Amino acid sequence: QVQLVESGGGLVQAGGSLRLSCAASGRTFGTSAMGWFRQAPGKEREFVASISWRGSTIYYADSVKGRFTISRDNAKNTVYLQMNSLQPEDTAVYYCAIGPVAATQEGAYAAWGQGTQVTVSS
């Protein structure tokens with residue numbers, strides 16, 4: 001019964017920036033970790049970043065480390081993904097997810113958003 005809604009995707013040129021947001025609502029939000037995954041056309045869904053409830057545990061995929069920053073505002077039940085220095089390889093549908101602990105595996109998460117498209121042109 002947890003609902004997640006992503007926003008902030010769009011079309012951007014290589015080198016540009018976007019900020020994604022994911023707002024969570026529902027009766028079981030509690031003290032959950034949240035994460036971001038992405039799926040490019042013809043590819044498997046892959047891990048991007050995750051963050052624990054307190055923000056003390058953060059994981060990034062090697063492909064985005066140093067360029068993307070995950071953060072959260074628990075008062076707003078929202079997680080963010082600041083994406084800088086975007087490259088065409090970052091083009092994908094980005095999904096947020098919620099689960100009991102910060103993790104890199106899809107199976108650790110209990111609920112998913114509908115996704116938001118990010119397209120980076122060269």
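Atom set for the values below is all heavy atoms of this structure, side chains included, hydrogens, waters and symmetry mates excluded. Nothing here was measured: the structure is a model prediction, and the numbers come from that model.
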Margin query: Give me the atom names and distance for the closest heavy-atom approach of Ala102 to Ser50.
Written below: CB-OG, 3.8 Å
Check: Going by distance alone, is a donor N or O of one side chain under 3.5 Å from an acceptor N or O of the other, for Asp73 and Thr78?
Finding: no
Item checked: Any side-chain heavy-atom pair of Arg19 and Leu81 under 4.5 Å -> no
Next item on the list: Answer yes or no: is there a side-chain heavy-atom contact under 4.5 Å between Gln39 and Glu46?
Entry: no
Notebook entry, point to check: How close do Ala33 and Arg72 get, heavy atom to heavy atom, and via which atoms?
Noted result: CA-NH1, 3.7 Å
Check: Is the shortest heavy-atom distance from the side chain of Thr57 to the side chain of Ile51 under 4.5 Å?
Finding: no
Checklist line | Taking every non-hydrogen atom, the tightest pair across Ala24 and Leu4 | finding: CB-CD2, 3.3 Å
Checklist line | Side chains of Trp53 and Asn74 in contact at under 4.5 Å (non-hydrogen atoms) | finding: yes
Next item on the list: With the side chain counted from C-beta on, respond yes when Leu20 and Trp36 share a heavy-atom pair under 4.5 Å apart, and no when they do not.
Entry: yes
Note to self: Quick one, Cys22 and Met34 - any side-chain contact, counting heavy atoms below 4.5 Å?
What the structure shows: yes
Next item on the list: Could you walk me through whether Arg45 and Glu106 pass the side chain to side chain contact (heavy atoms under 4.5 Å, CB included) test, one step at a time?
Entry: CA-CA 9 Å; Arg45 186 157 55 188; Glu106 289 185 28; 3.1 Å; yes
Margin query: Do Thr69 and Tyr80 have side chains that approach each other closer than 4.5 Å (heavy atoms only, starting at C-beta)?
Written below: no
Margin query: Minimum heavy-atom separation for Pro100 and Ala108, please, with both atom names.
Written below: CD-O, 3.3 Å
Check: At their closest point, which heavy atom of Ile98 faces which heavy atom of Ser32, and how far apart are they?
Finding: CG1-CB, 3.3 Å
Next item on the list: Go through the steps to decide whether Val48 and Tyr60 satisfy the test side chain to side chain contact (heavy atoms under 4.5 Å, CB included), and finish with yes or no.
Entry: CA-CA 6 Å; Val48 177; Tyr60 292 105; over 6 Å; no
Checklist line | Pair Gln117, Thr119: side-chain N/O donor-acceptor within cut-off below 3.5 Å | finding: yes
Item checked: Hydrophobic cluster of Tyr109, others only, ordered by chain and residue number, side-chain cut-off 4.5 Å -> Phe37, Phe47, Tyr59, Val93, Tyr95, Trp112
Notebook entry, point to check: Short question: side chain of Glu6, backbone of Gln114 - any donor-acceptor pair under 3.5 Å?
Noted result: yes
Notebook entry, point to check: Once you round to the nearest 0.5 Å, how far does CD of Gln87 lie from CD of Gln13?
Noted result: 12.0 Å
Next item on the list: Report the distance from atom OG of Ser25 to atom CD of Gln3, rounding to the nearest 0.5 Å.
Entry: 4.5 Å
Check: Do Gln82 and Ser17 come within less than 4.5 Å of each other through their side chains, counting heavy atoms only?
Finding: yes
Next item on the list: Determine the minimum heavy-atom distance between Val120 and Asp90, stating which atoms define it.
Entry: CG2-CB, 4.3 Å
